[in-house]
Amino acid sequence: MVAGLKIVIVGSGPAGMYAAGAIVKKNPESVIDIVDKLATPYGLVRAGVAPDHQTTKNVTRAYDKVMENKNVRFVGNIGLGDDIPLDKLRDLYDVVIIATGTPKDRSLGIPGEDKDGVFGAQTFVYWYNGHPEFRDAVPNLDITSAVVIGNGNVALDAARILMRTEEEMANSDLADHAAAEIFDSPLQCVHVVGRRAPENAQFSSKELSEFGDLSSAKTYTDKTNLLEEFISEDKKETKVVNHNLDLLRSFEQIGPSIKGRSVHLNFLASPIEIMGDTAITGVRFERNEIVDGKAVGTGETYDIECQLLVSCIGYEMGILEGLPVEKGIIKNDEGCVADGLYVVGWAKRGPSGTIGTNRIDSQNVVDKILGDFVKGGSPDKTGPAGLDHWCQEHNIHAVSFDDWKKINAAEIDRAGDQSPRRKFVRTRDMLSLLKESG
């Protein structure tokens, strides 16, 4: 067995937590610091999962067990680059694992993308989920029409949350500031637009089925675009796609005189221009056709009037100090970036799969790390003690897992009878709570 290593994981989302869990199991003598720029752990489970999908968030119970291990620490409120350089972490630890995800929205690359009222998925989702850095990102939902670009689960989440009523969201942990905007909005119509055909959509049947249950809105689609039957060599794909097609057939047919609140699920169209002066007033689309499996523009265009656009076309890695970024991810060889430096999760392979997909990916990288360090680590590395000294020297208020428990308990106490929690959405409020509680 490899002698115990001093390991730091940057990012406490699913990929980082699965990496920590694998290390605890396979090399229990190692000490692990899980560093996160936020004062709260678990990354996208808290900030990305839809607030009305509470069951999905139960995965944090397994992460809690990892955090309770005596050789694992959560060190929150310390950001890579802003608070501590990557080179310093590499000096302090035998192994640095980057698990930051892909924290940048992909650009649409069309004219008008910089207009007011145009948001990427990350900005919009983090806003309604109460991420402290995005608390004020969406200041106005005094709108009647919105467009969501994309045909994955994130696009459906954004559209659904916009059209949910206060009663439908009573059991959610939707952030207070977002709830106030959404429930008071005069929004009448949301268009979800994907560039490919219905059978190519990436959303799950569960996500799609929820549009048949909206209490104050009807869902529409163009049923003439639906195949009678989808056939693939992959039996699982065949089953899922045909179920989705059946669900789409259960919705209303799009027509010219729709009244009342509505969601339109549109396919085979690509945005080519965002219209308006300083603020968005509409989106111009080009109709597509599928040629040799690819969506190809036909030259025919149409416009949708709207005052809000949310682009849900994926994420990529931004510039992060000292890390080689290529094609939207950190350049790596099976998770290895450089000696003692590794990457897991979306930052390694791109934004794909579900929360559980990260488990095997992280386990494989941990196996590689342990194979690379069969002789053990360096006695000169100071690890957690060195990080503590750095925080003290630089007046950084690190947040521990016990601190997080206090924040968590306070959020639960603040909630009503139905809601699981009322989130703190300002880091300063969390730190004030910790100071007051001693």
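For reference, positions follow the sequence shown, starting with 1. Predicted model only: the values in this text are computed from it and were never measured.
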Taking 4.0 angstrom as the limit, do [X] and [Y] come out as a salt bridge?
X	Y	result
E210	R164	yes
D246	R249	yes
E436	K406	no
R46	D173	no
K37	D82	no
K88	D83	no
R73	D388	yes

Using only atom types and a distance under 3.5 Å, with no angle test, would you say the side chain of E273 pairs donor to acceptor with the backbone of P271? no

Results of side chain to side chain contact (heavy atoms under 4.5 Å, CB included) for S419 - residues two or more places apart only: A415

Mind checking whether [X] and [Y] have side chains closer than 4.5 Å, heavy atoms only?
X	Y	result
M17	V45	no
L341	L86	yes
C306	V283	yes
K57	P420	no
K115	T281	no
L434	I407	yes
W127	H177	yes
H397	K435	no

Test side-chain hydrogen bond (donor to acceptor under 3.5 Å, both in side chains) on R287 and T298; report intermediate values, then the result. CA-CA 6 Å; R287 297 190 189 278; T298 64; over 6 Å; no

Using 0.5 Å steps for rounding, measure from the CD1 atom of I23 to the CD1 atom of I97. 4.0 Å

Would you give the length of the straight line joining atom CG of L308 to atom CD1 of I143, rounded to the nearest 0.5 angstrom?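 Interatomic distance, L308 CG to I143 CD1, rounded to 0.5 Å: 4.5 Å.
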
Donor-acceptor pair between [X] and [Y] side chains, under 3.5 angstrom:
X	Y	value
E167	S215	no
R421	N408	yes
D403	S400	yes
T301	R284	no

Are L248 and F267 close enough, and set up right, to give a side chain to side chain contact (heavy atoms under 4.5 Å, CB included), and what steps lead you there? CA-CA 11 Å; L248 288 167; F267 301 92; 4.1 Å; yes

Give the C-alpha distance, both sets of side-chain angles, the deciding distance and a yes or no for side chain to side chain contact (heavy atoms under 4.5 Å, CB included) between Q253 and D222. CA-CA 6 Å; Q253 172 66 30; D222 185 352; 3.3 Å; yes

Apply ring pair (Phe, Tyr, Trp, His ring centres under 6.0 Å) to Y220 and F251, showing your working. CA-CA 5 Å; Y220 298 80; F251 299 142; 9.3 Å; no

Step by step, work out the side chain to side chain contact (heavy atoms under 4.5 Å, CB included) result for D105 and S311. CA-CA 8 Å; D105 286 301; S311 172; over 6 Å; no

Applied to residues 56-77, the ring pair (Phe, Tyr, Trp, His ring centres under 6.0 Å) test, sequence neighbours excluded, yields Y18-Y63, Y42-Y63

Stepwise side chain to side chain contact (heavy atoms under 4.5 Å, CB included) check, F203 with L265: CA-CA 12 Å; F203 43 65; L265 302 179; 5.9 Å; no

Mutual orientation of the aromatic rings belonging to H131 and Y126 [parallel < 30°, tilted 30-60°, perpendicular > 60°]: parallel

Minimum heavy-atom distance N151-G194, with the two atoms named: OD1-CA, 3.2 Å

Begin with the C-alpha distance, continue with both residues' side-chain angles, and end with the deciding distance and a verdict on side-chain hydrogen bond (donor to acceptor under 3.5 Å, both in side chains) for E168 and T165. CA-CA 5 Å; E168 288 176 299; T165 63; 3.2 Å; yes

